[in-house]
Peer 1: 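For reference, the structure I am asking about is given below.
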Amino acid sequence: MADPAVMAGGFSAVRSGGGKATSSPAENYQLARRRTLQVVVSSLLTECGFESAEKAAVESLTEMIQSYISEVGRCAKAYCEHTARITPTLSDTVVTLIEMGFNVNTLPVYAKRSQRMVITAPPVTNAPVIPKALIAGQKRTHPSHIPSHFPEFPDPHTYIKTPTFREPVSDYQVVREKAASQRRDVERALTRFMAKTGETQSLFKDDITAFPLIAARPSSIPYLSALLPSELELQTLEETDSSEQDDQTDSENTFLSDDPGADKENSMLPPGGVVPSVKASEENMIDNPYLRPVKKPKVRRKK
Amino acid sequence: MNRKKDKGFESPRPFKLTHQVVCINNINFQRKSVIGFVELTIFPTVVNLNRIKLNSKQCRIYRVRVNDLEAPFIYNDPTLEVCHHESKQRNLNYFSSAYTAAVSAVDPDAGHGELVIKVPSELWKQGDEMNVLKVYIEFSLDQPKGGLHFVVPDVEGSMAERGAHVFSFGYQNSTRFWFPCVDSYSELCTWKLEFTVDASMVAVSCGDLVETVYTHDMRKKTFHYVLPIPTAASNISLSVGPFEILVDPYMHEVTHFCLPQLLPLLKHSMSYLHEIFEFYEEILTCRYPYSCFKTVFVDEAYVQVSSYASMSIFSTNLLHSAMIIDQTPLTRQCLAQALAQQFFGCFISRMSWADEWVLKGISGYIYGLYLKKTFGVNQYRHWIKEELDKMVEYELKMGGLPVGSNGHLTCPTPHLHFSIKHPHTLSWKYYKMFQCKAHLVMRLIENRISMEFMLQVFNKLLSLASTASSQKYQSHMWSQMLVSTHSFLKSISNVSGKDIGPLIKQWVDQSAVVKFFGSFAFNRKRNVLELEIRQDYTSSGTQKYVGPIKVTVQELDGSFNHTLQIEENSLKHDIPCHSKSRRNKKKKIPLMNGEEVDMDLSAMDADSPLLWIRIDPDMSILRKVEFEQADFMWQYQLRYERDVVAQEESILALEKFPTPASRLALTDILEQDQCFYKVRQGACFCLAKIANSMMSTWTGPPAMKSLFTRMFCCKSCPNIVKTNTFISFQSYFLQKTMPVAMAQLRDIQNLCPKDVLNFILDLIKYNDNRKNKFSDNYYRAELIDALTNSLTPAISISNEVRTVDNLNGDVRLILEEITRSLNMEKLLPSYRNTITVSCLRAIRMLQKNGHIPSDPSLFKSYAEYGHFVDVRVAALEAVVDYTRVDRSSVELQWLLNMVQNDPAHYIRHKILSMLGKNPPFTKAAESPLCNEALVDQLWKLMNSGTSHDWRLRCDAVNLYYTLFGLTRPSCLPLPELGLVLNLKEKKAVLNPTIKPEQGPDTTEMTGITMGGLITMETVSSVSMSSGVAPPPQGLKRKLDSVVGPLGSSSPEPGQVLQEEDTSKKFKIRVRISSAEDEIDMESPHDSQAFIHHHLNILERPSTPGKEPPAVDQAVLSLPVTPLPSSFGKESTSSSKHSGDHHHHHHHHEHKKKKKKKHKHKHKHKHESKDKERDSHAFSNSPASGRSVRSPSMSD
């Protein structure tokens, strides 16, 4: 991947003189095909009685025929894939041609016309080599229920984990070292960023950028941030909890069975006072004056 | 007071309160105001009850009605301004006595009060039978400075969304700040409480919530509470806010309240309250006395815990999540304290201040039992030792701390700068030590009569009280709910049959502690231990102990207790030893607890069988013991004695023996898992000290480093600490402490060893809490503390400015860590911002050691209102320290300004107490800060600026004492010069600048005398202050300068004015005579003031809670010399105009007329008269024209 870029940058100018033909096999292959098409166009023109043609006209016609053929190919492939095959059949092509408004019945006649010219076969050029995919293991064979004409399994490394044979950095010290320095770098970068973008306070008078401190900003409800665990902490708590849950569930079943009850009671506290029907009977037993509904004022009717 | 020794309780009032209604109709959070009324049902106990005295502070009273008849009243509060208008008195003795007099003048325990209501004459003679009187008082509070605290966060939204709340607070009996009542712990009555609040709010108060009713517009709710158990007004409280409600899952009659969003924390923090309940109910064999219990967690709390009848108010900062380790025990302890006070303090109240120690003692004692049960015997004994040491230290420093009964009244305390006769005049520190001593004394009683009897006594008190509480008022049983020293002692002797009189006499009535010095010699021939116990009973705060003392001797054959008698002249005690000395006999050695252990006996003296000796091991005397024994004995004691107190004592002693053997003993303790963690923590610090003393001979890595590595670092890579788990709390505490102790190590250059610093930096770097279910915030904070500890003074080239470039490399690393941690706190704040707190301390330390420029601005920004309270306190501490080190008057002013203006009461209190602890200067030293202006400012602060908060005023007094001492501050001009001026004064020019003040002044002269007590106080204070009374030189200067220009424009402005003024007085006088039959107040002073107050009504409708504006103006108007306000009066009275004989005479006559009591004194020389006048000024202060200005219902 890196090579063409380097070439484009560094050497292409130097080589441009003699290097065009030899640029790449794929390019050669296409040029050869194009040339054949030009020959075809020319012969057809001759067939029609033209003696000469402008190069531009030939070029345009070549372009048209190429588009036509490409479209036929593309369409045929689409039909074939639509029926879950990978190689187009004759009928695919026929349908395509019909679709494109071509009368297929005229084709055999046209092919057997007398004045047709025979064109020499295009020069043999090597078909471009598809770079070989990395084979990193034994390809799986089809299981019995899959017909053999179906495509082969891709290379195993593309769908299962690739076994690596060199041990990753398992040295505990290195891992810890890395984690620590990574965290420190992130923290430092983050705090520096915050310090740069916001107000700061400084410990030194001569160089106020030396150890920037994010300015202290009073908050209107300071106890909230100071008392409530941060989201990050909650997250870790959940993680550690879930990992420990397995151990606990067995031993502390009794405890856990108590707890939901407690939670239920609290959940009904919010002002609505709508008791979830599930445990209504149990909860009704809690007679706490703060849970009772607020009374309506007595309306005094004067008679 | 009126308490009879062996009878029941006798009320000091001529009436008995039976029921009180408090109704608060409106609470306005925007304006911070409250409107409501109270109705007191009283039974007169005398035939002609014509006056009713109630307590009320800062309330504006609109009308008073007695049985539906309008009643005239006087409202005056002498504590608003303690010393009126005086300029010369700046000594604390004078202030203290004046303050005590003022407080006593309205003391409900003596039957006094700020609000005097005259019972309409129609109701006087309603026959002989006692008729019920209903006293109805309408009042309001506007921006109360004390009593009620409004917290209104400045954010968008409705008050409920903003989390605005209000709660009552106060130190001791402070209910008078928010509604008129009899603010005494001994006046019990039943209650009906009604609070109408916004529909989104909850009002939590004492008693049972009977119902909640919407108002007609459905916008508000009224909470109706009924408290059928007779309760003192001082135990009534209120909190209103948009609280989240949590019904305790274990006890449905218990309800918890917290501010919005904190419910998860509340759930966790309250999850063990039921255990505390169960514990107390079990040991007291008594149900919780109230039918419900409420806990409310509020912001900006005055104290962490305050208990009221059936509810407690806590600081919201006690709430914590399950991730927090360190706060958990602290919160539980606070809950336990609150609950203990519910039984003793709220349900059972006290007869008088002298009996307070019983309540504090019992609640502290049962709290101790809870500690023992929940946190273990080690924790309990550690706590007792800690409390004992604290208390002993305080007593030795202050010279005595009598806690109870007779002590209050008889024990002279001239060494104290405050009076202990009244709770409101006490220093806060004293009050804390008082509580400490109270529970220690209870423990001594327990030692004497056994715990079983002790609990029986408590049960008896409780059951008597609960029987009484269910009775009707008429049965006169309610006084059974009051405890007194006498009744407590009687119960004890009834239950146990023991007389603990001497014990009480020694520890309660008498102040001071015992100081023992012990040493010993072993007499091999007689196989006897010769123990010498000496006492120091001559230095202040000590007393002589005579009686038994327990000595425990650990010998090779076992541990033996001996009880020795300490007698008058016997110092030496011979104790026979049980075992012969023998070496190398392999035999296990039995310990006190029956355990038998192997010991390496090679260290001990071959001739002696003694391993260690302990004097008074059970702490059954309030004492300090200094005992001498050999280092190896201390080491044995540390290793093998199982009592944590002994272990801690030996750790302390080993500091003096820096030897390899001590090192080994300490290291062994550190490694021992079974050892109590606090002992191990102590061992860390001791080891650091020993290592520093042994610097030259120390071998191996720095102390504790390898130990820490072994315990807490990875096996494979010893420089990296394990990821945190904190599963074992013992190890957690050790892990936290060791780095802090290690950082105290020093090398030969007196620097922290490079090894250690890098080690700590690595701990911070590799700290990994991702897999931990606990928060590591306290651990990280302690690591920052460790960095702080490692700092040493910078090598400074003289007066060099600290810059970034010349920063030392190590310090740069430290500073980087601190900067990063502090910045991270902004993004991910830690619980209670512990890390910010540590960082601020570290930065101050860097400044102090000269590594970075000393600058208070950072701390000042963190100290602003709106930061978390712990952060503010840490920042303020740094500013206080800066003020002292840099002698900065700007910062001192800034701090004092905050003391006056900060919304949070706790912060104000904290600033003053920190200033007291770390004073900018002391009375002993000279300082540029010590100047007249500061003296005046502080004087004003304690005189009038802190009248809304007893605690704060006492803090100010404390600070004044620390800075200037008891006598006149040295920075003021010499009193002798003032005296000269004083002599001249009578002939001196009348100062014309006092014009606006004359009216009130003259009235003040003729003020109310509040009963006999205050007069007594006055006399004593006169004698005290006479020597130093006269005005300072500054006054003279000022007078001259003022008189100069003014005098030239109008020659005798003062004279004219004086005449006007006197004519006014005559008018008043006339009114009095005409009014006297209508308003029958005993003394003419009273009626004078009363009328004056009537005259003043229209001019001054303001509430008395505010600073009198006139004074302020006077201060401001004074040019140049900062001597404030009060000089006006003196100069008026003793007019300086040499020729102004007329005025003078007039003045004289006036006095004669009005002050018959003091008539005889007028025969004295002028000089003495002037002094006398000064004393009047303050003695009469209660009636000053200024104070008497509540709006009244004269029509």
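In what follows, every heavy atom counts, from backbone to side chain, and hydrogens, waters and symmetry copies are set aside. Per chain, numbering begins at 1; letters A, B, ... match sequence-line order.
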Peer 1: What closest approach, in Å, do A:P218 and B:Y865 show between heavy atoms, and which atom pair accounts for it?
Peer 2: CB-O, 3.5 Å

Peer 1: Around A:E81, counting heavy atoms of other residues, nucleotides and ligands shown, do more than 12 lie under 6.0 Å from its CD?
Peer 2: yes

Peer 1: With a 4.5 angstrom heavy-atom cut-off, is it the side chain or the backbone of B:C292 that approaches chain A, or both, or neither?
Peer 2: neither

Peer 1: Is there side-chain contact between A:T191 and B:M824, with at least one heavy-atom pair below 4.5 Å?
Peer 2: yes

Peer 1: Just by distance, do the side chain of A:R176 and the backbone of B:Y766 share a donor-acceptor pair under 3.5 Å?
Peer 2: yes

Peer 1: Looking at B:V204, B:L815, B:D154, which one has more heavy-atom pairs under 4.5 Å with chain A than the rest?
Peer 2: B:L815

Peer 1: I need the residue from B:K765, B:Q847, B:R832, B:M218 with the largest number of non-hydrogen atom pairs under 4.5 Å to chain A.
Peer 2: B:K765

Peer 1: With only heavy atoms counted, which part of A:S230 is less than 4.5 Å from chain B, the side chain, the backbone, both or neither?
Peer 2: side chain

Peer 1: Is the number of heavy atoms from other residues, nucleotides or ligands within 6.0 Å of NE2 (A:H82) greater than 12?
Peer 2: no

Peer 1: Using non-hydrogen atoms and a 4.5 Å limit, figure out which bit of B:R162 sits close to chain A: side chain, backbone, both or neither.
Peer 2: backbone

Peer 1: Side chain, backbone, both or neither: which part of B:Y225 has an atom under 4.5 Å from a heavy atom of chain A?
Peer 2: side chain

Peer 1: What pair of heavy atoms forms the shortest contact from B:C714 to A:Y172, and how long is it?
Peer 2: SG-CE2, 3.3 Å

Peer 1: Determine whether A:I221 and B:Q261 make a side-chain contact, defined as any pair of heavy atoms from C-beta on separated by less than 4.5 Å.
Peer 2: no

Peer 1: Sort B:D208 into side chain, backbone, both or neither according to what part of it lies under 4.5 angstrom from a heavy atom of chain A.
Peer 2: neither

Peer 1: Mind checking the CG-NZ spacing from A:L190 to B:K826? Nearest 0.5 Å is all I need.
Peer 2: 13.0 Å

Peer 1: Quick check for you: to the nearest 0.5 Å, what is the distance between B:E864 atom CD and A:R217 atom CZ?
Peer 2: 14.0 Å

Peer 1: Got a second to check how far A:L291's CG is from B:T255's OG1, nearest 0.5 Å?
Peer 2: 7.5 Å

Peer 1: Report which part of B:I852 has an atom under 4.5 Å of a heavy atom belonging to chain A: side chain, backbone, both, or neither.
Peer 2: both

Peer 1: Taking C-beta and beyond as the side chain, do B:H252 and A:N288 meet within less than 4.5 Å on heavy atoms?
Peer 2: no

Peer 1: Pick whichever of B:D870, B:T215, B:T819, B:V254 has the most heavy-atom pairs under 4.5 Å with chain A.
Peer 2: B:T819

Peer 1: Measure from the side-chain N and O atoms of B:N823 to the backbone N and O of A:I214, and report whether any donor-acceptor pair falls under 3.5 Å.
Peer 2: yes

Peer 1: Any sub-3.5 Å donor-acceptor pair from B:N833's side-chain atoms to A:A226's backbone N or O?
Peer 2: no

Peer 1: Which of the residues B:V871, B:N317, B:I843, B:V155 is involved in the greatest number of heavy-atom pairs with chain A at under 4.5 angstrom?
Peer 2: B:N317

Peer 1: At what distance, to the nearest 0.5 angstrom, does CG of A:D171 lie from SG of B:C717?
Peer 2: 7.5 Å

Peer 1: Considering only heavy atoms, which portion of B:S854 lies under 4.5 Å from any heavy atom of chain A: side chain, backbone, both, or neither?
Peer 2: backbone

Peer 1: Within this structure, what is the OH-CG distance for the pair A:Y223 and B:L259, rounded to the nearest 0.5 Å?
Peer 2: 4.0 Å

Peer 1: If I measure from the heavy atoms of chain A, does B:L807 come under 4.5 Å with its side chain, its backbone, both, or neither?
Peer 2: side chain

Peer 1: Does any backbone or side-chain atom of A:A179 lie under 4.5 Å from a heavy atom of chain B? Answer side chain, backbone, both or neither.
Peer 2: side chain

Peer 1: Over 60° means perpendicular and under 30° means parallel, so tell me whether B:F257 and A:Y290 are parallel, tilted or perpendicular.
Peer 2: perpendicular

Peer 1: Do A:F204 and B:P853 have side chains that approach each other closer than 4.5 Å (heavy atoms only, starting at C-beta)?
Peer 2: yes

Peer 1: For chain A, which candidate among B:E253, B:K294, B:E244 shows the most heavy-atom pairs at distances under 4.5 Å?
Peer 2: B:K294

Peer 1: Sort out for me which of A:A195, A:A215, A:P289 touches chain B most, counting heavy-atom pairs under 4.5 Å.
Peer 2: A:P289

Peer 1: With only heavy atoms counted, which part of A:Q173 is less than 4.5 Å from chain B, the side chain, the backbone, both or neither?
Peer 2: both

Peer 1: Under 4.5 Å heavy-atom distance to chain A, tell me which part of B:S830 shows up: side chain, backbone, both or neither.
Peer 2: backbone

Peer 1: Can you tell me how far apart CZ (A:F211) and CG (B:L822) are? Round to the nearest 0.5 Å.
Peer 2: 13.0 Å

Peer 1: Is it the side chain or the backbone of B:K220 that comes within 4.5 Å of chain A heavy atoms, both, or neither?
Peer 2: neither

Peer 1: Quick one: does A:R183's side chain have a donor or acceptor within less than 3.5 Å of a partner on B:N767's backbone?
Peer 2: yes

Peer 1: For chain A, which of B:V210, B:D299, B:V151 has the most heavy-atom pairs under 4.5 Å?
Peer 2: B:D299

Peer 1: Is chain A contacted by the side chain of B:H867, its backbone, both, or neither, given a heavy-atom distance below 4.5 Å?
Peer 2: both

Peer 1: Locate the shortest heavy-atom distance separating A:S220 from B:P153; write the atom from each residue and the value.
Peer 2: O-CB, 3.6 Å

Peer 1: Among A:E177, A:R188, A:R192, single out the residue with the greatest number of heavy-atom pairs under 4.5 Å to chain B.
Peer 2: A:E177

Peer 1: What part of B:E816 is in contact with chain A, defined as an atom under 4.5 angstrom from a non-hydrogen atom: side chain, backbone, both or neither?
Peer 2: both

